[in-house]
There are 2 protein chains.
Amino acid sequence: MIRRLSQARERGIPEATVARLPLYLRALNGMAERGLATVSSEDLAVAAGVNSAKLRKDLSHLGSYGTRGVGYDVEYLIYQISRELGLTQDWAVAIVGVGNLGRALANYGGFVSRGFRVAALLDADPEVVGDHIAGLNVEHIDELEAVIKRRGVSIVVLATPAAAAQQVADRVIAAGVTSILNFAPVVLAVPEGVDIRKVDLSIELQILAFHEQRKTDRMTGGPAMAEEWPEAVDL
Amino acid sequence: MIRRLSQARERGIPEATVARLPLYLRALNGMAERGLATVSSEDLAVAAGVNSAKLRKDLSHLGSYGTRGVGYDVEYLIYQISRELGLTQDWAVAIVGVGNLGRALANYGGFVSRGFRVAALLDADPEVVGDHIAGLNVEHIDELEAVIKRRGVSIVVLATPAAAAQQVADRVIAAGVTSILNFAPVVLAVPEGVDIRKVDLSIELQILAFHEQRKTDRMTGGPAMAEEWPEAVDL
DNA sequence: GTCCCTTTGTGAACCGGTGCACAAAGTGGG
DNA sequence: CCCACTTTGTGCACCGGTTCACAAAGGGAC
């Protein structure tokens, strides 16, 4: 029988909460560095840029780690969030595609600091295979399955051209990887049980452009008047 | 009085819809290249990786651009979405911070193709100022306000170290920019009316790690047992 | 021990977004 | 012209997530 912990810590933390935990963690680390021992939900919420009720509800999903009238113990909360996110273990990450972006990712400091270790760099271009980047030797894509197995890679970052992404994804999934961070501008088709997260630089800019256009429209006059589409009426 | 358009095209497209429009646009461009004249909501939905009812509802927010029994005219829909997103005009983007990431962004092809033009690169490090990257001369951060004004920059991409991001943000906002894409791992404080979008590589990985941990936990046995926290009971 | 102050944890209303399911609208064949 | 078929556009029920507001819990002073 499983020992019942302090309280209702069911399996199943809301996705929206999971996405904010790293934010809280970062804020807490800053506070720990500045020597704060405890922090209130209000202060932590401000530091993380969210509302304090939301923060408390988020933390309540992990357990009851605060003290009423006092706040949260910074170190203890850091430990709890880290453990929940799985950052107390070390994750081997492989980056496939060593173009400009892949290189930037390989050199990005934010990974190492959080339990992530870039364990391999792979590329199809014989020109870059053999290069040394961020202390790693770039290996040929043919080695993909072997490298994943040998180094215990469990997360793969795709920084390949769009055309190659699906086929690389298929291979890493066949090799047993179930977590992929995709920077290629394509919608990947993956089987049930594989987690994909997508980062798309151009989409982010397009969303900004939409709002920017709205703002300047509002300045200059009526909505959607200046650039009327003439053939719209005939539809 | 404003001429009433075909139908209920109120100001205010749901945020979730806006975030998907670029996805549809990309899928449509692929179809246009392959010579398709029309497409059904079902086919377009599959290509964009969403459900077809959602797609139809999204498009209905722009207007009634489909033909029942037939589908959507590919070219016409591309035009409508582009116009709605503001991609029919040309946006001057400045990238601040020319480290690994800034360089990768400057060379990223996905920007230019969509009405975005990298109009300036800026950095504080005298070592990189004067370098030529992606056909542009890297300018000193002291020139920030002048460059923004002179080149009509309306969107700024922050690729600086975390410590510098807030202060650069303050300056670009003071210079009149109201749209910022932030890659620095900090929560920026900005006044009302300024749009910030944040891309955080390390957060994405942490979310993947969370799910990956869940998956492997489920394999190996009980939830959260192997790594029990011994001091939890004393709280 | 009692009272007052602070801050957590959460019930409940609310809100935006999703997906089903179907009526309305259009096409094409005979 | 009419009927059978296709596909859009949307009303409605549902769901996850946010926010408010407050009771419960702990700390500290006296």
Side-chain angles (χ1 to χ4, degrees), chain A residues 5-21 23-24 28 31 36-74 76-77 80-81 84 207 211 232 234-235, chain B residues 5-21 23-24 28 31 36-74 76-77 80-81 84 207 211 232 234-235:
Chain A
L5 269 345
S6 24
Q7 69 184 69
R9 228 175 62 83
E10 307 305 329
R11 297 294 90 192
I13 296 179
E15 197 52 37
T17 296
V18 173
R20 281 186 297 264
L21 290 179
L23 222 57
Y24 304 153
L28 284 165
M31 290 169 171
L36 270 71
T38 64
V39 64
S40 71
S41 64
E42 186 57 39
D43 291 353
L44 182 52
V46 169
V50 302
N51 135 337
S52 71
K54 193 189 301 195
L55 178 119
R56 287 200 299 280
K57 186 150 284 189
D58 282 344
L59 294 184
S60 78
H61 287 116
L62 314 191
S64 197
Y65 297 142
T67 307
R68 292 170 194 234
V70 178
Y72 300 88
D73 182 287
V74 173
Y76 188 59
L77 197 50
Q80 290 299 342
I81 295 179
E84 195 65 54
I207 296 171
H211 291 294
D234 72 15
L235 189 76
Chain B
L5 270 344
S6 26
Q7 68 183 71
R9 229 175 63 84
E10 308 304 329
R11 297 292 90 191
I13 295 179
E15 197 53 38
T17 296
V18 173
R20 280 186 296 264
L21 290 180
L23 222 57
Y24 303 153
L28 284 165
M31 290 170 172
L36 269 70
T38 65
V39 64
S40 71
S41 64
E42 185 57 38
D43 290 351
L44 182 52
V46 169
V50 304
N51 138 338
S52 72
K54 193 189 300 194
L55 177 123
R56 287 198 300 275
K57 188 154 286 187
D58 283 343
L59 294 185
S60 79
H61 286 117
L62 313 192
S64 198
Y65 297 143
T67 308
R68 297 173 192 228
V70 177
Y72 300 89
D73 182 287
V74 173
Y76 188 58
L77 197 50
Q80 290 299 342
I81 295 180
E84 194 65 53
I207 296 171
H211 291 294
D234 72 16
L235 189 76

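The chains referred to below are lettered A, B, ... by the order of the sequence lines, with proteins before strands, and numbering in each begins at 1.
Between atom CG of residue A:Asp73 and atom OG1 of residue A:Thr38 there is a gap of 7.5 Å, rounded to the nearest 0.5 Å. Between A:Leu21 atom CG and A:Thr17 atom OG1 the span is 6.5 Å, to the nearest 0.5 Å. Distance check, rounded to the nearest 0.5 Å: OH of A:Tyr72 to CG of A:Leu59 gives 4.5 Å.
In this structure, B:Leu59 places its CG atom 11 Å from C1' of D:dG9, rounding to the nearest Å. Look at CG on A:Leu62: it is 15 Å from P on C:dT8, rounded to the nearest Å. In this structure, CD of A:Glu15 is placed 22 Å from P of C:dG16, rounded to the nearest angstrom. The CG-C1' distance, from A:Leu44 to C:dT7, rounds to 14 Å in whole Å. At whole-Å resolution of the value, CD in B:Gln80 and C1' in D:dG9 are 16 Å apart. Between the NZ atom of A:Lys54 and the P atom of D:dG16 there is a distance of 17 Å, rounded to whole Å. When rounded to the nearest whole Å, the span between CG of A:Leu55 and P of C:dT7 equals 14 Å. Residue B:Asp43 contributes atom CG, which lies 14 Å from atom C1' of D:dT8 at whole-angstrom precision.
An OP1 or OP2 oxygen of D:dT7 is reached within less than 4.0 angstrom by no side-chain nitrogen or oxygen of B:Ser40. For the OP1/OP2 pair of C:dT18 and a distance below 4.0 Å, the side-chain nitrogens and oxygens of B:Arg20 include at least one atom meeting the criterion. Contact annotation: B:Tyr65 does not reach the phosphate of D:dT7 (side-chain N/O to OP1 or OP2, under 4.0 Å). Within the 4.0 Å cut-off from OP1 or OP2 of D:dT7, not a single side-chain nitrogen or oxygen of B:Ser41 is found. Contact check, A:Tyr72 against C:dG9: a side-chain N or O comes under 4.0 Å of OP1 or OP2.
A donor-acceptor contact under 3.5 Å is not formed by the side chain of B:Arg68 with the base of D:dT7.
Along DNA chain C, the nucleotide nearest A:Lys57 and the nucleotide nearest A:Val70 are compared for position; the residue whose nucleotide lies closer to the 5' end is A:Val70. Each of A:Pro14 and A:Arg56 lies near DNA chain D, and the nucleotide nearest A:Pro14 is the one positioned closer to the 5' end.
Nearest heavy-atom pair, B:Tyr24 versus B:Leu44, reported as atom, atom and distance to 0.1 Å: O-CD1, 4.3 Å. Considering all non-hydrogen atoms of both residues, A:Gln80 and A:Tyr65 come closest at OE1-OH, 3.2 Å.
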